[in-house]
A.B. asks: 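First, the structure itself, so that you have it in front of you.
A quick note: this is a predicted structure, and the numbers were derived from the prediction, not measured.
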Amino acid sequence: MSSIKKFEKPLGMRDTFPPIYEKIERTRQIGRQFLRSRGFDFIETPTLEYYDTVGKASAISDASLFKLVDSQGNTLVLRPDMTTPITRVATSKLLKEKIPLRLAYSANVFRAQQLEGGRPAEFGQMGIEIIGDKSVYADAEVLIIVIELMKEFGIESFKLTIGHAGVLHDILNDYTDHDYQRETLQRLLVERNYVGFEEAVHEFDLPVTKANALLEFINEATNLAAIEDMEKYVRKNDGVEYMKQLAKLIEACNLSQYVSFDFTLSSHMNYYTGMLFEIFASGSGFPLGNGGRYDGLLNLFGSDVGATGFGIRIDRLLEALPKEEMVEETVCILFEDEEFNRALELANKLRQQGARVTVQAKEGLINKDAFTKLFSRVVELSQGEEQ
């Protein structure tokens, strides 16, 4: 193991400098106000959770968990997502009254990186969870809120790609002979490797009817003309019917232009059981966020209720935000020793007028020219006079 350099950070960790920090905080505040206006209550969970509860229940791979041991010998994890901790809280305390919960969050999550590759090991997420509602209307509400939230952020060029985890699982299960084949095909879809999918189908030496059905499905589903076209690939039509209802609700809200349906959509988050989706926008080469229905996760915590929601990555959201110049008056008051009290009085007066004011002693400056360039206005107090 090489020695750690004095200024080196742990793998995947980032410093956030003032301009980006301010942009993040403004973004969080916009999201918070918007979600609270939609009836969602914000919740905070611990940064540390038990591995045997949240760690094992999370859909994040074990290799991506930050683990440590407490003084009692229990293995802990830094929370790898927010959905699992909120599910823990909801099933243990908040669902006692048997009423649907509408919860929101804005917090950092942690996922260990094996290689640097520019991927952060800590990043902010903002999202919602609707827990205790199995209806299609809850899923529709989630999608509508995402669309409206994107608009609230000023993002106009975006799209939601919507699939159904249950329908895809049934199709892959029905047209393969072994779990290994189904799992391989699903992994390739998570990776969006459609060429690899077709090659794997040929390599599996499946019966001709099954192989042809899978190849027809992958071609038709990625160029979907109508949800009804998926009916011929499934024995149980519940999931397709559910998606047809969902599409009608979105259409009734005049939001159809923001969504597309893709039944090949799959996620590494393996707790999704029904509708799932990803958010794409101009400016970012990765999904801004994702969400869907995860009823199965509640079962792991001993509760048989429905749940749906979404999470947005703040770092990727920043990439898609419209570029804007922040107009903010920044004032620096430079003073000599005998003018300290007067400088403070002037600073308070300007702050009441809405300016950001820094008070700086002249004798403490090493490079006056470089320092004063940081401000939109400089006021120098010298010998009792304001220059």
A.B. asks: Are side-chain heavy atoms of R377 and L350 found at a separation under 4.5 Å?
C.D. replies: yes

A.B. asks: Among side-chain atoms of Y51 and D62, is any donor-acceptor pair under 3.5 angstrom?
C.D. replies: yes

A.B. asks: Hey, what's the ring geometry for F158 with Y258, parallel, tilted or perpendicular (30° and 60° as the breaks)?
C.D. replies: parallel

A.B. asks: Is there a donor-acceptor pair under 3.5 Å between the side chain of S37 and the backbone N or O of F34?
C.D. replies: yes

A.B. asks: In terms of hydrophobic clusters joined by side-chain contacts under 4.5 Å, are L318 and V109 together?
C.D. replies: no

A.B. asks: Tell me yes or no: between the side chains of T161 and D262, is some donor less than 3.5 Å from an acceptor?
C.D. replies: no

A.B. asks: Report the C-alpha separation of R293 and D133 in whole Å, then their side-chain angles, then the decisive distance to 0.1 Å, and conclude whether the salt bridge (charged side-chain N to carboxylate O under 4.0 Å, His left out) test is met.
C.D. replies: CA-CA 10 Å; R293 179 160 290 280; D133 189 340; 5.3 Å; no

A.B. asks: Looking at E251, I want to see if its CD is surrounded by more than 12 non-hydrogen atoms of other residues, nucleotides or ligands under 6.0 Å.
C.D. replies: no

A.B. asks: Going through the distances and angles, do L35 and M126 end up as a side chain to side chain contact (heavy atoms under 4.5 Å, CB included)?
C.D. replies: CA-CA 10 Å; L35 294 175; M126 176 187 301; 4.3 Å; yes

A.B. asks: Which heavy atom of F261 sits nearest to which heavy atom of A247, and what is that distance?
C.D. replies: CZ-CB, 3.7 Å

A.B. asks: To the closest 0.5 Å, what do you measure between CD1 (I314) and CD1 (I20)?
C.D. replies: 12.5 Å

A.B. asks: The test is salt bridge (charged side-chain N to carboxylate O under 4.0 Å, His left out); show your working for R316 and E319 and say whether it passes.
C.D. replies: CA-CA 5 Å; R316 294 178 181 174; E319 297 174 348; over 6 Å; no

A.B. asks: Mark yes when over 12 heavy atoms from residues, nucleotides or ligands other than K362 sit less than 6.0 Å from its NZ; otherwise mark no.
C.D. replies: yes

A.B. asks: So how far is it from E339 CD to L334 CG, rounded to the nearest 0.5 Å?
C.D. replies: 12.0 Å

A.B. asks: Would you find a donor on one side and an acceptor on the other, under 3.5 Å apart, between the side chain of R38 and the backbone of I145?
C.D. replies: no

A.B. asks: Does R313 use its side chain to pair, donor to acceptor, with the backbone of G289 at less than 3.5 Å?
C.D. replies: no

A.B. asks: Counting only N and O atoms by type, is there a donor-acceptor contact under 3.5 Å from the side chain of S376 to the main-chain atoms of T330?
C.D. replies: yes

A.B. asks: Between M150 and F153, is there a side-chain heavy-atom distance shorter than 4.5 Å?
C.D. replies: yes

A.B. asks: In terms of side-chain heavy atoms, does S282 have a donor or acceptor partner in S157 at a distance below 3.5 Å?
C.D. replies: yes

A.B. asks: Run through V77, L76, L65 and flag the one making a side chain to side chain contact (heavy atoms under 4.5 Å, CB included) with E49.
C.D. replies: V77

A.B. asks: Quick check: are there more than 12 heavy atoms from other residues, nucleotides or ligands sitting under 6.0 Å from CZ of R351?
C.D. replies: yes

A.B. asks: To the closest 0.5 Å, what do you measure between CG (N74) and CG (L48)?
C.D. replies: 12.0 Å

A.B. asks: Please indicate whether K248 has more than 12 foreign heavy atoms, meaning atoms of other residues, nucleotides or ligands, lying under 6.0 Å from its NZ.
C.D. replies: no

A.B. asks: Are there over 12 heavy-atom neighbours, none belonging to R192, within less than 6.0 Å of that residue's CZ?
C.D. replies: yes

A.B. asks: Report yes if the side chains of L206 and L214 come closer than 4.5 Å at any heavy-atom pair, otherwise no.
C.D. replies: yes

A.B. asks: Any non-hydrogen side-chain atom of E22 less than 4.5 Å from a side-chain atom of E328?
C.D. replies: no

A.B. asks: Counting neighbours of CD on E363 that are heavy atoms of other residues, nucleotides or ligands and sit closer than 6.0 Å, is the number greater than 12?
C.D. replies: no

A.B. asks: Is it true that atom CD of E44 has more than 12 heavy atoms of other residues, nucleotides or ligands lying nearer than 6.0 Å?
C.D. replies: no

A.B. asks: How far apart are the closest heavy atoms of H164 and L276, and which atoms are they?
C.D. replies: N-CD2, 3.5 Å

A.B. asks: What's the shortest heavy-atom distance between R182 and L172, and which atoms?
C.D. replies: CG-CB, 3.7 Å

A.B. asks: Do other residues, nucleotides or ligands put more than 12 heavy atoms under 6.0 Å from the OH atom of Y21?
C.D. replies: no

A.B. asks: What is the ring orientation for F335 with F340, classed by angle as parallel under 30°, tilted 30 to 60°, or perpendicular over 60°?
C.D. replies: tilted

A.B. asks: How close do L189 and S266 get, counting heavy atoms only, and between which atoms?
C.D. replies: CB-CB, 4.2 Å

A.B. asks: Before you tell me yes or no, could you show the steps for R235 and D170 under salt bridge (charged side-chain N to carboxylate O under 4.0 Å, His left out), namely the whole-Å CA-CA distance, both residues' side-chain angles and the distance that decides it to 0.1 Å?
C.D. replies: CA-CA 8 Å; R235 290 182 297 174; D170 289 345; over 6 Å; no

A.B. asks: Taking the side chain as every heavy atom from C-beta outward, state whether L185 and F197 have any pair of such atoms under 4.5 Å apart.
C.D. replies: yes

A.B. asks: Can you check whether V54's main-chain N or O pairs, donor with acceptor, with S58's side chain at less than 3.5 Å?
C.D. replies: no

A.B. asks: Using the side chain to side chain contact (heavy atoms under 4.5 Å, CB included) definition, which of the options L143, L246, L160, V146 pairs with V259?
C.D. replies: L160

A.B. asks: Which atom pair, heavy atoms only, marks the closest approach of F301 to R88?
C.D. replies: CE2-CB, 3.8 Å

A.B. asks: In sequence, state the C-alpha distance, the side-chain angles, and the governing distance for K9 and E122, and then conclude on salt bridge (charged side-chain N to carboxylate O under 4.0 Å, His left out).
C.D. replies: CA-CA 12 Å; K9 301 182 296 295; E122 177 185 8; over 6 Å; no

